[in-house]
Amino acid sequence: MNLVIRDGLGRNFLAGRWVEGEAGARIAVEDPATGEIVAEMARAGERQLAAALEAARGSVARGDLSAMRPGARADLMRRIAGCIRAIADEGAPILCRESGKRLSDARGEFEEAAAYFDYYGGLADKIEGKQIPLGPDYIDYTLFEPVGISAQIVPWNFPVSLAARSLAPALAAGNAVIVKSPELDPLALALLGRAFQEAGLPEAAVSILNGIGSELGARLVASSEIDQIVFTGSVPTGQAILRAAAENVTPSLMELGGKSAAVAFEDADLDRLVESVRGGIFFNAGQVCSAMSRLLVHRSLYDRAVEAVAALADGLEAGHGFDEAAHTPVISAGQLDGIEAMVLAAPGQGARIAAGGARLDRAGHFMAPTILADVDPGSDIAQQELFGPVLCVTPFETEAEAVAIANGTEFGLVAGVFTRDLARAHRLAGRLRAGQVFVNEWFAGGIATPFGGIGKSGFGREKGVEALYNYVRTKNVAISLKE
Ligand code: NAD
């Protein structure tokens with residue numbers, strides 16, 4: 001073990017207390033850059049879940065957050081933001097080690113998490129209902145009430161910032177939250193519990209439990225005591241959760257996978273496009289739900305674009321996140337096996353390997369930055385999410401063909417357009433089947449811009465003002481004034 005575990009790190013955060021797992025059970029945590037086990041995390045079981053549910057129920061019943069004056073709740077959110085910034089120095093190396101990502105990106109997750117609490121803190125006292133005119137005999141108004149207990153299942157690719165993405169609006173709206181952390185990299189996320197303690201969040205309002213998804217996660221989402229499910233993760237898991245949710249008719253928010261396409265026209269700025277490819281598919285080794293995993297290029301620019309992105313991929317040096325390597329590992333051996341198997345099968349369906357094409361010959365779970373050219377839009381590699389550093393490039397002749405290919409998967413998370421023609425960009429933004437469209441810069445936007453999918457990419461929106469309204473429900477009050 002080379003991570004120092006102290007002050008609750010490595011344990012579950014159960015309504016303000018740091019607790020071990022059931023019968024001392026623990027889950028090993030690996031460094032994906034070396035394959036070594038670096039720490040252990042307490043594995044929560046049925047008893048801890050029951051205790052978290054009971055605490056959350058008490059918090060909702062007492063109105064720990066909902067009965068607080070909204071301005072005081074806003075202040076509390078901002079104090080949490082400050083406490084998250086204060087733990088970033090400690091948390092970033094832990095997140096870097098357990099996830100394999102660059103140290104600067106790990107630090108960026110804490111900064112983003114803090115920014116979510118600032119942003120939703122600013123909205124906590126602005127959740128306003130409306131008055132509806134029904135004539136002189138009535139007064140009618142709407143209230144936004146918190147949903148109650150929000151059960152949130154977090155994936156491993158951005159555990160700290162994605163947890164905050166849902167925690168911040170849920171708490172700002174006055175709910176209690178139970179988080180199920182990702183079993184592959186749960187350590188840094190648990191540290192958020194310390195920020196909550198230091199900021200003075202009512203103890204019972206949040207629990208962060210770690211456990212196996214198909215056990216603890218499945219039990220949490222099947223509970224009749226929760227009032228909402230917020231899930232970020234893969235399509236098969238999302239489908240399993242929706243089946244469980246149907247049993248109790250539990251409202252759900254689904255942020256699932258993607259196979260998002262950038263469309264580059266003949267007038268695209270090639271340098272800007274290459275920069276967007278760097279961030280779009282190679283950031284975090286491509287383990288980003290909104291990654292640019294497909295690039296459609298007009299025939300006239302195609303050869304130059306393939307050459308430029310292959311040169312980019314070939315030039316990315318692999319290494320440990322602590323050394324700020326340009327290219328970092330994927331999260332696990334299983335993930336690497338799956339990515340490599342799909343890439344090795346792609347030439348059999350017509351693709352040409354323009355860069356990379358297999359795992360790197362070194363310790364840890366490194367897939368070579370890979371560019372597949374001439375990819376058939378209907379082939380497996382163009383249809384299935386890999387969640388790795390692999391870009392599929394396909395030529396097109398006409399705008400209509402590009403839109404058809406871009407829209408031709410079962411997903412619809414994000415899309416991109418690269419052109420100098422504003423009218424064309426605007427036209428395509430309307431036609432692309434996606435929850436978010438980037439023009440000339442992949443990942444343009446931020447925590448203030450609504451994010452979410454269409455089709456098997458899920459439903460509901462996170463981020464922005466809109467997301468706050470996932471965490472409240474509308475109640476209409478109609479008062480008769482008749483004598
Ligand atoms: P996953 O679905 O395997 O796991 C996600 C989380 O669900 C983990 O915490 C896991 O423990 C839990 N889980 C697993 N089975 C469960 C069950 N039956 N009931 C309840 N919880 C269960 O996904 P992953 O491999 O961790 O993440 C990668 C996937 O997530 C990719 O498909 C990616 O596109 C998607 N993702 C989407 C977004 C988004 O915002 N749209 C963000 C990040 C990741």
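When a ligand or atom number is given, it counts from 1 through the structure's own listing order.
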Discussion item. Using a 4.0 Å heavy-atom cut-off, which part of Ser234 comes near ligand 1: side chain, backbone, both, or neither?
Written reply: both
Worksheet entry | Within 6.0 angstrom of Arg433 CZ, more than 12 heavy atoms from elsewhere | yes
Practice prompt. Using the ring of Phe411 (Phe, Tyr or Trp, six-membered ring only), decide whether Lys456 places NZ or CZ under 6.0 Å from its centre and within 45 degrees of its axis.
Written response: no
Worksheet item: Out of Gly458, Gly258, Ala291, Gly217, whose heavy atom sits nearest atom 20 (C) of ligand 1?
Response: Gly217
Item to complete: Please indicate whether any nitrogen or oxygen in Lys180 is less than 3.5 Å from any nitrogen or oxygen in ligand 1.
Response: yes
Discussion item. Would Phe158 and Phe283 count as a ring pair (Phe, Tyr, Trp, His ring centres under 6.0 Å) here? Give the steps.
Written reply: CA-CA 12 Å; Phe158 298 97; Phe283 169 56; 5.8 Å; yes
Practice prompt. Output yes when a protein non-hydrogen atom is found under 4.0 Å of atom 32 (O) of ligand 1, and no otherwise.
Written response: yes
Worksheet item: Is it the side chain, the backbone, both or neither of Ile241 that has a heavy atom closer than 4.0 Å to ligand 1?
Response: side chain
Discussion item. Is it the case that the side chain of Arg102 and the backbone of Phe322 share a donor-acceptor pair, with hydrogens and angles ignored and the cut-off at 3.5 Å?
Written reply: no
Item to complete: Specify whether Phe282 and His327 have parallel, tilted or perpendicular ring planes, treating 30° as the upper limit for parallel and 60° as the lower limit for perpendicular.
Response: perpendicular
Practice prompt. Could you tell me whether the side chain of Leu216 reaches within less than 4.5 Å of the side chain of Leu49, counting heavy atoms only?
Written response: yes
Worksheet item: Starting from atom 24 (P) of ligand 1, which protein heavy atom do you reach first, and at what distance in Å?
Response: Trp156 NE1, 3.2 Å
Worksheet item: With respect to atom 41 (N) of ligand 1, which of Leu413, Leu256, Leu184 exhibits the smallest heavy-atom separation?
Response: Leu256
Discussion item. Counting non-hydrogen protein atoms only, what is the nearest one to atom 43 (C) of ligand 1? Give residue, atom name and distance.
Written reply: Asn157 ND2, 3.1 Å
Worksheet item: Is any N or O atom of Gly211, backbone or side chain, closer than 3.5 Å to an N or O atom of ligand 1?
Response: no
Discussion item. Is it the case that atom CD in Gln239 sees more than 12 heavy atoms from other parts of the structure closer than 6.0 Å?
Written reply: yes
Item to complete: Would you indicate whether the side-chain heavy atoms of Ser290 and Phe443 approach each other to under 4.5 Å?
Response: yes
Worksheet item: Is ligand 1 under 4.0 Å from a heavy atom in the side chain of Glu183, in the backbone, in both, or in neither?
Response: side chain
Practice prompt. Would you mind running through ligand 1 and noting each atom that sits below 4.0 Å from a heavy atom of Pro182?
Written response: 9 (O)
Worksheet item: How far is atom 40 (O) of ligand 1 from its nearest protein heavy atom, and which residue and atom name does that atom have?
Response: Arg165 NH2, 3.1 Å
Fill in: Nearest neighbour in protein (non-hydrogen) for atom 17 (C) of ligand 1
Gly213 O, 3.3 Å
Worksheet entry | Proximal ligand 1 atoms for Leu162, defined as those under 4.0 Å from one of its heavy atoms | 42 (C), 43 (C)
Worksheet item: Does the pair Glu90/Arg194 count as a salt bridge with the N-to-O cut at 4.0 Å?
Response: yes
Discussion item. Heavy atoms only, cut-off 4.0 Å: how does Glu385 contact ligand 1, side chain, backbone, both, or neither?
Written reply: side chain
Worksheet item: Does the N or O separation between Val154 and ligand 1 drop below 3.5 Å for any pair?
Response: yes
Response to the item:
Of Gly257, Cys289, Ser166, Gly233, the one whose closest heavy atom lies nearest atom 35 (C) of ligand 1 is Gly233
Worksheet entry | Atoms of ligand 1 close to Thr232 [distance to a heavy atom under 4.0 angstrom, numbered from 1] | 5 (C), 37 (C), 38 (C), 39 (C), 40 (O), 42 (C), 43 (C)
Worksheet item: Can you check whether Met292 reaches Val414 side chain to side chain, under 4.5 Å on heavy atoms?
Response: no
Practice prompt. Would you check if there is a donor-acceptor pair between the side chains of Asn210 and Glu183 at a distance under 3.5 Å?
Written response: no
Worksheet, complete the sentence: When distances are taken from atom 6 (C) of ligand 1, the protein heavy atom at minimum range is Ile153 CG2, 3.5 Å
Worksheet item: Which ligand 1 atoms are under 4.0 Å away from a heavy-atom of Phe231?
Response: 2 (O), 5 (C), 6 (C), 7 (O)
Worksheet, complete the sentence: Here the atoms of ligand 1 under 4.0 Å from any heavy atom belonging to Pro155 are 26 (O), 27 (O), 43 (C), 44 (C)
Item to complete: May I ask whether Phe158 places a heavy atom under 4.0 Å from ligand 1?
Response: no
Worksheet entry | Nearest protein heavy atom with distance in Å, relative to atom 15 (N) of ligand 1 | Thr237 CG2, 3.3 Å
Discussion item. Cation-pi check for Phe366 against Arg362: NZ or CZ below 6.0 Å from the six-membered ring centre and within 45 degrees of the axis, yes or no?
Written reply: yes
Worksheet item: Which of the atoms of ligand 1 are close to Phe451, meaning less than 4.0 Å from one of its heavy atoms?
Response: 40 (O)
Fill in: Criterion side chain to side chain donor-acceptor pair (under 3.5 Å) on Gln228 and Ser252, from CA distance to verdict
CA-CA 6 Å; Gln228 171 186 61; Ser252 305; over 6 Å; no
Worksheet entry | Protein contact to atom 28 (C) of ligand 1 [nearest heavy atom, distance to 0.1 Å] | Phe387 CE2, 3.5 Å
Worksheet entry | Close side-chain approach of Leu256 to Ser234, heavy-atom, < 4.5 Å | no
Item to complete: Tell me, please, which residues at least two apart from Ser207 pass side chain to side chain contact (heavy atoms under 4.5 Å, CB included).
Response: Leu14, Ala15, Ala52
